[in-house]
Protein chains: 2
Amino acid sequence: MRISNSRVTATEVARKAGVSQPTVSLVLSRNPKARVAPATRARVLKIAQELGYRPNRLAQGLVRRRSYALGVIVPGFDNPVYAAVISGAEKVAAQAGYAVLLCEAKGSEVVQHLEALRDRQIDGVIIAGIAASTLPAAALDGLNVVLVNQPSEKFSTVGSDSLKAGTIAAEHLLALGHRRLAFLGPADAIPAFRLRERGFFQALRGAGVPLSSELIQRAAATVAGGLAGMRALLALSERPTAVFCANDLMALGAHKACSVAGVGLPRDLSLLGCDDIEMAQLVTPELSTIAVPARELGARAVRLLLKQIDAHGALPPASQLLAVKLVARGTTGQHAPAQPR
Amino acid sequence: MRISNSRVTATEVARKAGVSQPTVSLVLSRNPKARVAPATRARVLKIAQELGYRPNRLAQGLVRRRSYALGVIVPGFDNPVYAAVISGAEKVAAQAGYAVLLCEAKGSEVVQHLEALRDRQIDGVIIAGIAASTLPAAALDGLNVVLVNQPSEKFSTVGSDSLKAGTIAAEHLLALGHRRLAFLGPADAIPAFRLRERGFFQALRGAGVPLSSELIQRAAATVAGGLAGMRALLALSERPTAVFCANDLMALGAHKACSVAGVGLPRDLSLLGCDDIEMAQLVTPELSTIAVPARELGARAVRLLLKQIDAHGALPPASQLLAVKLVARGTTGQHAPAQPR
DNA sequence: TTGTAGGCGTTATCAC
DNA sequence: GTGATAACGCCTACAA
């Protein structure tokens with residue numbers, strides 16, 4: 001029963017209920033220690049209900065010095081992993097009464113977005129897929145921050161065990177008998193990818209199976225990048241027998257490159273991705289990969305952030321590391337040495 | 001040179017500059033008719049710069065009765081189409097100084113999200129993938145709204161020509177010689193899908209090639225839905241020779257179902273999707289589809305919305321319809337009548 | 001228990 | 001030109 005255009009204010013409710021505006025505020029703020037006479041409380045609640053009163057969050061924010069809004073910054077939505085992180089984050093945030101301000105940013109845009117978020121008195125920021133170390137120190141100063149999938153001394157983080165993912169990848173491929181392995185990863189220093197890479201390399205070194213540099217291909221962490229990278233690997237005089245990709249998008253690009261080049265998966269080549277995005281199950285053969293709980297990362301990031309906000313920034317940085325899991329599907333198989341014809 | 005924790009306010013700038021606070025506001029607001037003595041203006045600007053002053057947008061919003069924020073509501077991020085819409089929207093919004101509040105909502109959650117957006121004094125809302133007609137009338141009352149990909153008398157819309165998409169689909173498949181066609185679509189009344197469906201049916205009827213009801217399969221507009229739907233179609237005693245899917249996700253699920261069932265595309269069956277998401281090019285054979293400019297839809301939706309906001313809601317609902325385009329790839333081919341063995 | 005006063009940081013309307 | 005003064009809608013004291 002709202003009067004059209006303009007919203008009902010607490011003052012109007014107060015007037016109609018025959019009380020003062022702060023009393024309305026008192027009743028509506030579910031403050032336990034705010035004792036109000038049951039009669040007035042009931043009256044105020046009734047009128048508020050009738051008028052469809054809802055507090056103006058901008059005004060609340062101004063006086064409480066909080067916006068009840070969270071910023072989420074990702075490099076792009078084209079990667080389903082970030083979409084999943086955002087989805088998980090948004091759900092938890094909404095349940096807690098927080099809004100999610102979405103920012104898609106690469107490079108220096110990140111700083112501008114952060115400033116814009118500050119102007120809106122944002123309560124906290126979640127950053128995924130962008131290395132915090134590449135940002136000027138001041139950019140995150142005094143902000144509640146949770147980083148997704150990148151370790152940090154200074155900020156709280158929620159991540160999957162990327163190092164382990166790399167290790168698992170190496171172990172899986174080694175166990176299948178592969179000895180000539182390749183890695184396909186991005187050129188940019190995106191933390192999660194770097195860790196997957198390092199875990200992979202370390203495990204290989206530990207097993208005495210080093211990677212020569214021509215077997216490390218770098219390209220954008222996209223389908224197109226994976227396609228190009230795999231083409232380069234296939235052009236080698238001596239091809240690898242197994243390839244680990246920094247993420248599933250690259251792996252799917254690589255998958256396509258193999259399909260185009262007539263390279264049989266997994267007969268001629270084993271291919272392993274990382275993330276386990278839905279698409280991985282759509283290609284034929286289905287992509288073997290390492291599952292990362294992206295949605296859960298987003299959800300946890302918000303929970304951790306809210307905890308920090310409530311603690312008034314008096315909490316030391318916390319970190320959570322979620323387990324990853326090998327999902328062996330159709331693109332990885334036993335190494336078949338020189339085919340007898 | 002910001003004093004750590006708390007932000008610099010206009011009052012502080014005023015004090016240091018030896019002017020009143022409103023004067024600072026006057027100088028900073030790029031209001032042309034606000035004539036200030038060049039000397040004061042310069043001084044204020046200098047101090048503001050030094051102190052790193054930035055206006056508090058919450059406070060601005062309170063008095064201007066605007067939040068400089070837009071809400072975007074979609075049913076889910078798992079569909080790359082919505083991700084693209086959001087991406088396009090966010091970019092334009094950010095350039096105009098607007099924030100994007102993201103909401104993922106199905107069913108009755110939509111209303112709650114809308115209320116929450118109202119509480120934040122949202123300046124406008126973009127809705128994609130959710131039928132406005134399913135919302136209670138009051139939910140959008142007095143709000144600046146732009147609907148994406150659904151026609152409306154009452155609200156502004158930005159869409160692709162969904163009806164035409166259906167027509168194109170029918171014409172393409174008919175031209176290839178198919179006469180036993182099937183349709184795979186969602187059970188829910190999502191406007192864009194319904195229109196594609198209608199366009200398809202109309203064109204078929206016009207060509208004298210009606211669809212019997214068993215050739216209309218309904219399932220969720222997801223990969224899983226497409227998978228299930230195609231399985232049902234393949235189980236028919238007399239299979240269709242061509243299938244049009246309401247969107248690419250369903251088509252990819254259908255693609256997978258064929259792959260699993262050993263049904264050769266396009267030899268045994270032609271398959272056509274709609275949207276042209278990136279994934280369409282990753283499967284083998286590549287998915288034929290109808291391209292929809294999703295990113296552009298998002299971008300235009302924001303531009304239209306901003307125009308409406310600036311017009312103070314005194315503008316009649318406007319509508320834009322973008323063209324769609326057939327992208328014939330590998331899953332559609334000439335109808336091959338009963339193979340001679 | 002409730003009302004009054006004051007302020008959050010900004011913009012808008014006036015007198016000066 | 002410039003500076004008070006009054007909102008915007010709410011919350012936190014403190015006084016009644």
Side-chain angles (χ1 to χ4, degrees), chain A residues 2-3 5-45 47-48 51-68 97 118-123, chain B residues 2-3 5-45 48 51-69 97 118-123:
Chain A
R2 190 187 309 114
I3 307 305
N5 219 335
S6 168
R7 286 171 66 99
V8 175
T9 74
T11 310
E12 295 180 53
V13 175
R15 196 158 39 74
K16 293 224 179 185
V19 297
S20 77
Q21 179 272 316
T23 303
V24 174
S25 184
L26 215 58
V27 172
L28 273 295
S29 77
R30 298 243 153 269
N31 198 331
K33 72 181 174 190
R35 295 203 51 75
V36 183
T40 32
R41 143 168 274 124
R43 188 152 33 95
V44 169
L45 284 176
I47 304 276
L51 264 48
Y53 168 71
R54 312 200 93 214
N56 180 328
R57 309 216 65 168
L58 254 46
Q60 280 186 335
L62 186 58
V63 52
R64 298 222 273 239
R65 289 144 164 260
R66 295 182 50 179
S67 59
Y68 295 92
R118 275 183 202 278
D119 295 345
R120 291 174 189 280
Q121 309 289 99
I122 207 83
D123 292 338
Chain B
R2 188 187 309 117
I3 309 303
N5 219 336
S6 169
R7 287 171 66 99
V8 175
T9 74
T11 310
E12 295 179 53
V13 175
R15 196 159 37 76
K16 293 223 177 183
V19 298
S20 77
Q21 179 271 316
T23 303
V24 174
S25 181
L26 214 58
V27 171
L28 273 294
S29 79
R30 298 243 153 266
N31 198 329
K33 71 180 173 189
R35 295 205 49 77
V36 184
T40 4
R41 143 168 273 123
R43 191 152 32 96
V44 168
L45 283 176
L51 264 46
Y53 167 73
R54 312 199 93 213
N56 180 330
R57 308 214 66 167
L58 255 46
Q60 280 186 335
L62 185 57
V63 54
R64 296 221 274 236
R65 286 142 166 267
R66 293 182 49 180
S67 60
Y68 295 92
R118 275 183 203 277
D119 295 346
R120 293 174 187 281
Q121 308 290 101
I122 208 80
D123 292 339

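Scope of the values below: all heavy atoms of this structure, side chains included, with no hydrogens, waters or symmetry mates. Residue numbering restarts at 1 for every chain, and letters A, B, ... go by the order of the sequence lines. Keep in mind the model is a prediction, meaning the values are calculated, not measured.
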Those residues at least two apart in sequence (or on a different chain) that pass side chain to side chain donor-acceptor pair (under 3.5 Å) with A/R43 are none
Restricting to side chain to side chain donor-acceptor pair (under 3.5 Å), what partner residues turn up for B/T11, sequence neighbours left out? none
Protein-nucleotide distance ([X], atom [atom1]; [N], atom [atom2]), rounded to Å:
{"X": "B/R66", "N": "C/dT10", "atom1": "CZ", "atom2": "C1'", "result": "15 Å"}
{"X": "B/Q60", "N": "C/dC8", "atom1": "CD", "atom2": "P", "result": "17 Å"}
{"X": "B/R54", "N": "C/dT10", "atom1": "CZ", "atom2": "P", "result": "12 Å"}
{"X": "B/R118", "N": "D/dG9", "atom1": "CZ", "atom2": "C1'", "result": "18 Å"}
{"X": "B/L62", "N": "C/dG7", "atom1": "CG", "atom2": "P", "result": "17 Å"}
{"X": "B/R120", "N": "D/dC10", "atom1": "CZ", "atom2": "C1'", "result": "15 Å"}
{"X": "B/Q121", "N": "D/dC8", "atom1": "CD", "atom2": "P", "result": "13 Å"}
{"X": "B/R57", "N": "C/dC8", "atom1": "CZ", "atom2": "C1'", "result": "18 Å"}

Looking only at side-chain N and O atoms, does [X] come under 4.0 Å of OP1 or OP2 in [N]?
{"X": "A/R64", "N": "D/dC11", "value": "yes"}
{"X": "B/Y68", "N": "C/dT10", "value": "no"}
{"X": "A/R7", "N": "D/dC8", "value": "no"}
{"X": "B/T9", "N": "C/dG9", "value": "no"}

Under the side-chain contact (heavy atoms from CB on, under 4.5 Å) criterion, do B/V13 and B/V8 qualify, and how do the steps go? CA-CA 7 Å; B/V13 175; B/V8 175; 3.9 Å; yes
Sub-3.5 Å donor-acceptor pair from the side chain of B/R120 to the main-chain atoms of A/S67, do we have one? yes
Taking all non-hydrogen atoms of both residues, which atom of A/D119 and which atom of B/R54 are closest, and how far apart? OD2-NH1, 2.6 Å
Over all heavy atoms of both residues, which pair between A/A17 and A/I47 is shortest? Give the atoms and the distance, please. CB-CG1, 3.9 Å
Show the distances under 3.5 angstrom between N or O atoms of the protein and N or O atoms of nucleotides 2-6 of chain D.
from	atom 1	to	atom 2	distance (Å)
D/dT2	OP1	B/T40	OG1	2.9
D/dT2	OP2	B/A37	N	2.3
D/dT2	OP2	B/T40	OG1	2.9
D/dG3	OP2	B/T23	OG1	2.9

Applying side-chain contact (heavy atoms from CB on, under 4.5 Å), run through B/N56 and B/T9 and close with a yes or a no. CA-CA 8 Å; B/N56 180 330; B/T9 74; over 6 Å; no
